[in-house]
J.: 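For reference, the structure I am asking about is given below.
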Amino acid sequence: METPNSSFKNIETKKKRIFFLKFFIYLAFLFGGKFLPIFQDFLIDYPGMDSLHTAILFLLGGNILISLARLITARIYLSKAKDEKVHGNFLLGISWISNILNSLVFVIAFMLAFDIQPLEFLTSLTIVAAAIAILSKDYVTNILNGLIMMFTDQFSLGDTIQIGETQGVIEDITLLNVVLKKDDGYKTMVPNSLILNAQVTNFRNYEKKIIEFPIELPHGFKYDINTINLRLKETFAKRIEEKTISQLNLTLQHIQKDFITLKVSFETPVENEAEVQSELHHFLLSLFHEN
């Protein structure tokens, strides 16, 4: 069985091959422009190509340096991390940082291709940039919060978390939101700023979860509490024997004018939670139909 560490190492190996490919292309452009007469004559005859050549060298050179830093960081992390402590968040975080830096390099290279001086251009857009920063502060907040989550161990890919009434498995963490896959198969995108400013329950370190389910019964219901409790335990007898349910209890909570409130509580492994709750719902529906 492939361990998380070996899986991540395979991904890093592929990235390393791409890195060497880019490095050889960079060397071809660099030495071609300096030592190949045909290439040099081409750049002289077409002045616009000289700017494009400079832009390509800057783009590849910047990308290679960023990729090299990323590969070294990932290698150090994987060499120190044990299989059970490897979290995809860290590698995801350095990947997003490298993507941001590569985007900046691309923008500068694009300017160089058209003989635009980056520093002069950015200086002329200072006021516009300030306005954009103010308008996009929510996006900036989400990006910073996303990076915080990537470089901390609060949440990891594959963790089951609950935010308010929303519960799901973390499928992806982006710079703007966290993608949760719920039990029904639907995906929910939660803004990063909401996750770090709300009460979030992470079930990663919990092998079992306590479930509490309230039931309202009208006065004069066909079955009394003892009978319902007996039938409940008979229904889940197999699960109790298999230890996928424990501490199954039925207790009286409130007595109102028109109805009484009971509470079913039990403990179940997190991976069995959805199916156990579904069985409980079917049990209660059949009970009400009998009444």
J.: Output the distance between atom CZ (F283) and atom CZ (F236), rounded to the nearest 0.5 Å.
T.: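 One gets 7.0 Å once the value is rounded to the nearest 0.5 Å.
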J.: Are there over 12 heavy-atom neighbours, none belonging to F23, within less than 6.0 Å of that residue's CZ?
T.: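 Atom CZ in F23 is not packed in, count stays at 12 or less.
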J.: Are F24 and L21 connected in the hydrophobic side-chain network, where two residues link if heavy atoms are under 4.5 Å apart?
T.: yes
J.: Hey, what do you get for CG (L52) to CG (L59), rounding to the nearest 0.5 Å?
T.: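 With rounding to 0.5 Å, CG (L52) is 10.5 Å from CG (L59).
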J.: Is it the case that atom CD in E242 sees more than 12 heavy atoms from other parts of the structure closer than 6.0 Å?
T.: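 Count over threshold, so yes.
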J.: If the condition is salt bridge (Lys or Arg N to Asp or Glu O under 4.0 Å), which residues does K263 pass it with, not counting sequence neighbours?
T.: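 Testing K263 for salt bridge (Lys or Arg N to Asp or Glu O under 4.0 Å), a comparison that skips the adjacent residues, returns E212.
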J.: Check for me, please, whether L27 and I56 land in the same ILVMFWY cluster - side-chain distances under 4.5 Å, paths through other members count.
T.: yes
J.: Tell me every residue that passes salt bridge (Lys or Arg N to Asp or Glu O under 4.0 Å) with E234, counting only those two or more places apart in sequence or in another chain.
T.: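 Not a single residue meets the salt bridge (Lys or Arg N to Asp or Glu O under 4.0 Å) criterion with E234.
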J.: So, does N197 use its side chain to make a donor-acceptor pair with the main chain of S193 at under 3.5 Å?
T.: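 Present.
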J.: One pair to check against side-chain contact (heavy atoms from CB on, under 4.5 Å): R231 and L287. What are the steps and the verdict?
T.: CA-CA 9 Å; R231 293 193 55 175; L287 201 68; 4.1 Å; yes
J.: Applying side chain to side chain contact (heavy atoms under 4.5 Å, CB included), can you list everything that pairs with D224, at least two apart in sequence or on another chain?
T.: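 For D224 the side chain to side chain contact (heavy atoms under 4.5 Å, CB included) partners, ignoring immediate neighbours, are N226, T227.
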J.: Check for me, please, whether L60 and F20 land in the same ILVMFWY cluster - side-chain distances under 4.5 Å, paths through other members count.
T.: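 L60 and F20: one cluster.
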J.: Could you check whether any side-chain heavy atom of Q247 comes within less than 4.5 Å of a side-chain heavy atom of S265, counting everything from C-beta outward?
T.: no
J.: I66: what forms a side chain to side chain contact (heavy atoms under 4.5 Å, CB included) with it, not counting sequence neighbours?
T.: S98, L101, N102, V105
J.: Does R239 have any salt bridge (Lys or Arg N to Asp or Glu O under 4.0 Å) partners at least two apart in sequence or in another chain, and if so, which?
T.: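 Checked R239 against salt bridge (Lys or Arg N to Asp or Glu O under 4.0 Å); matches are E275, E279.
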J.: Please say whether more than 12 non-hydrogen atoms of neighbouring residues, nucleotides or ligands are located less than 6.0 Å from CD1 in I255.
T.: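 No, CD1 of I255 has 12 or fewer neighbouring heavy atoms, counting only those of other groups under 6.0 Å.
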J.: Crowded around H282 NE2? As in, over 12 foreign heavy atoms under 6.0 Å?
T.: no
J.: Hey, can you pull the donor-acceptor pairs under 3.5 Å for the side chains in residues 162-169, sequence neighbours left out?
T.:
unit_1	atom_1	unit_2	atom_2	d
Q162	NE2	G164	O	3.1
Q167	OE1	K209	NZ	2.8
Q167	NE2	E273	OE1	3.3

J.: Which residue pairs pass the salt bridge (Lys or Arg N to Asp or Glu O under 4.0 Å) test with at least one member in residues 103-113, sequence neighbours excluded?
T.: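 For residues 103-113, and leaving out neighbouring residues, there are no salt bridge (Lys or Arg N to Asp or Glu O under 4.0 Å) pairs at all.
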J.: So, for L57 and Y26, which heavy atoms are closest and what is the spacing to 0.1 Å?
T.: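 Scanning both residues, the minimum pair turns out to be O-CE1, 3.4 Å.
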J.: Would you indicate whether the side-chain heavy atoms of F266 and L280 approach each other to under 4.5 Å?
T.: yes
J.: Could you go through L92 and D172, starting from their C-alpha distance and side-chain angles, then the distance that decides it, and tell me whether this counts as side-chain contact (heavy atoms from CB on, under 4.5 Å)?
T.: CA-CA 9 Å; L92 188 64; D172 192 14; 4.1 Å; yes
J.: Taking all atoms of both residues into account, what is the closest heavy-atom pair of L217 and L262, and its distance?
T.: CD1-CD1, 3.5 Å
J.: Just wondering, do N145 and I195 contact through their side chains at under 4.5 Å, heavy atoms?
T.: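 Not touching, per the 4.5 Å side-chain cut-off.
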J.: Once rounded to the nearest 0.5 Å, what's the spacing between atom CG of L248 and atom CG of L232?
T.: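 Output value for this atom pair is 4.5 Å.
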J.: How would you list all residue pairs meeting ring-ring contact (aromatic ring centres under 6.0 Å, His included) that involve residues 94-116, not counting sequence neighbours?
T.: F110-F114
J.: Going from NZ on K16 to CG on L71, what distance comes out if it is rounded to the nearest 0.5 angstrom?
T.: 7.0 Å
J.: Hydrophobic cluster membership, with links at side-chain heavy-atom distances under 4.5 Å among I/L/V/M/F/W/Y: are L68 and F29 in one?
T.: yes
J.: Are the side chains of M150 and I94 in touch, meaning some heavy atoms are under 4.5 Å apart?
T.: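 No - every pair of side-chain heavy atoms lies 4.5 Å or more apart.
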J.: Of all residues at least two apart in sequence or in a different chain, which pass the side chain to side chain contact (heavy atoms under 4.5 Å, CB included) check with Q199?
T.: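 Expected list: none.
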J.: Search all heavy atoms of I215 against all heavy atoms of L284 and return the closest pair with its distance.
T.: CD1-CD2, 3.5 Å
J.: Distance check, rounded to the nearest 0.5 Å: L194 atom CG versus N177 atom CG?
T.: 11.0 Å
J.: CD1/I240 to OG1/T235 distance, rounded to the nearest 0.5 angstrom?
T.: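 The CD1 atom of I240 sits 9.5 Å away from the OG1 atom of T235.
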J.: Name all residues meeting the salt bridge (Lys or Arg N to Asp or Glu O under 4.0 Å) criterion together with K187; count only those two or more places apart in sequence or in a different chain, and write none if there are none.
T.: E171
J.: Do the side chain of S156 and the main chain of D159 share a donor and acceptor less than 3.5 angstrom apart?
T.: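 No, because the side chain of S156 does not come within donor-acceptor range (under 3.5 Å) of the backbone of D159.
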J.: Within the structure provided, determine whether I64 and F19 are in side-chain contact (heavy-atom separation under 4.5 Å).
T.: yes
J.: Just by distance, do the side chain of H254 and the backbone of I260 share a donor-acceptor pair under 3.5 Å?
T.: no
J.: Minimum heavy-atom separation for G93 and L147, please, with both atom names.
T.: O-CD2, 4.4 Å
J.: Under 4.5 Å between side-chain heavy atoms, chaining through other members, with only Ile, Leu, Val, Met, Phe, Trp and Tyr counted: pull out the rest of the cluster around V179, sorted by chain and number.
T.: M189
J.: Could you give all pairs that pass the salt bridge (Lys or Arg N to Asp or Glu O under 4.0 Å) test and reach residues 53-72, with sequence neighbours left out?
T.: E12-R70
J.: Same cluster or not: are L285 and I228 linked, directly or through other Ile, Leu, Val, Met, Phe, Trp or Tyr residues, by side-chain heavy atoms under 4.5 angstrom apart?
T.: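 Not linked; separate clusters.
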